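Everything on this sheet refers to the single structure shown next.
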Protein chains: 2
Amino acid sequence: MDNDDLRRGKPTNHKVYGEDVAVLAGDALLSFAFEHLTVSTVGVPPARIISAVGELAKSIGAEGLVAGQVVDIGSEGASDVGLERLEFIHVHKTAALLEGAVVLGAIIGGGTDDEVERLRKFARYIGLLFQVVDDILDVTKTSQELGKTAGKDLVADKTTYPKLLGLEKSREFAEKLNKDAQDQLSGFDPEKAAPLIALANYIAYRQN
Amino acid sequence: MDNDDLRRGKPTNHKVYGEDVAVLAGDALLSFAFEHLTVSTVGVPPARIISAVGELAKSIGAEGLVAGQVVDIGSEGASDVGLERLEFIHVHKTAALLEGAVVLGAIIGGGTDDEVERLRKFARYIGLLFQVVDDILDVTKTSQELGKTAGKDLVADKTTYPKLLGLEKSREFAEKLNKDAQDQLSGFDPEKAAPLIALANYIAYRQN
């Protein structure tokens, strides 16, 4: 994605094969996600597969990932990015695909509408949590600790949660997001919910 | 797609909004195709919708449009492009989406496997036919007649059917493709097949 990849000797697709081929590879992989979902899913009622395709498409398109990416591009170098726009960007850019991954599992597994919606909220909270923690790590860790360049957001003058809220309030916000996420899981079988709780805590307490 | 669009005062997406946003618009539209197919198709058995999603994905991805585009890019400026590679490019770049459009209708409409396969062949023939005719028009018509720049393929030193086969044999090939296409329709209700026959003839005999 960035110079870190190059520094670690991992040149990205568009550097090796050119931007045209990289864009086409993206299109092919995007299509393949839908092909795989429909061709390789066995033993699942067709109506669920159809619902999953619709969900996946929505999480990528103009109401999902692409919306976040476009607003992010449009906000580059802007000094007036407030909390609302920052949250919009992260909820769409980062959380939407996480939401898709969780919700698809819930749909394919036969969750009720209510269960699907609670898992959707769970995923949205941990998606945003991931980004808040990322912002915090960028200003509190060294490059060596992170395994990638620290302090990049400051250098790029990027709007982040620490910049808007300060470090302490960002940490409180992260705690709240983790709690809100795990609250969504309260009605589920604790044994089945355990991996999701572990995932939320992993995202909240990761050090790089 | 090219300078013709600019000449006619129709600037393309990437010129107006930048390449990054144009790529994202493509991703959003690609996803929306699958969203629309699954969310907006009513009164059709789910198994057919799933089959249609798989077909659409395949026609776009690494075995479809993208394959043709990548080989086309890799052949730019190459002097050794023979008939086989030229056909591969056109069958994938042009015919695959036409094939998808026809086959999706056949699947959604409840065609038998045999009917779907015959319509697939029909679409592939007229897709290739479209390209052969395009190559012929480029060397036989004026820019005014075409409504776009004539002789572009020669200027770009592009491999075309007239270049490989000569004009006369290219015309014979086009005739054969049109006949082969229409042969596939012989088993269908003539009234229902009429629009497809008209489409094949339109592609074969168009003058611009």
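Protein chains get the first letters and strands the later ones, always in sequence-line order, with residue 1 at the start of each. Because the structure is predicted, anything quoted here is derived from the model rather than measured.
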Inset, instruction - Establish, yes or no, whether the cationic atom of A/R120 lies under 6.0 Å from the six-membered ring centre of A/Y125 and within 45° of the ring axis. - result: no
Legend entry - Partner chain A: residue of B/D27, B/V21, B/T41 with the largest heavy-atom pair count (under 4.5 Å): B/D27
Legend entry - Considering all heavy atoms, the nearest A/T142-A/A150 contact: C-CB, 3.7 Å
Inset, instruction - Using the side chain to side chain contact (heavy atoms under 4.5 Å, CB included) rule, pick out the option among B/L37, B/V53, B/I49 that qualifies with B/L104. - result: B/L37
Inset, instruction - Against chain B, label A/E55 side chain, backbone, both or neither, depending on which of its atoms sit under 4.5 Å from a heavy atom there. - result: neither
Inset, instruction - Could you check which of A/V23, A/L56, A/L24 has the highest count of heavy-atom pairs closer than 4.5 Å to chain B? - result: A/L24
Legend entry - Contact origin within A/I50 toward chain B - heavy atom pairs under 4.5 Å: both
Inset, instruction - Assign the ring pair B/F34 / A/F34 to parallel, tilted or perpendicular, where the plane angle (0 to 90°) is split at 30° and 60°. - result: parallel
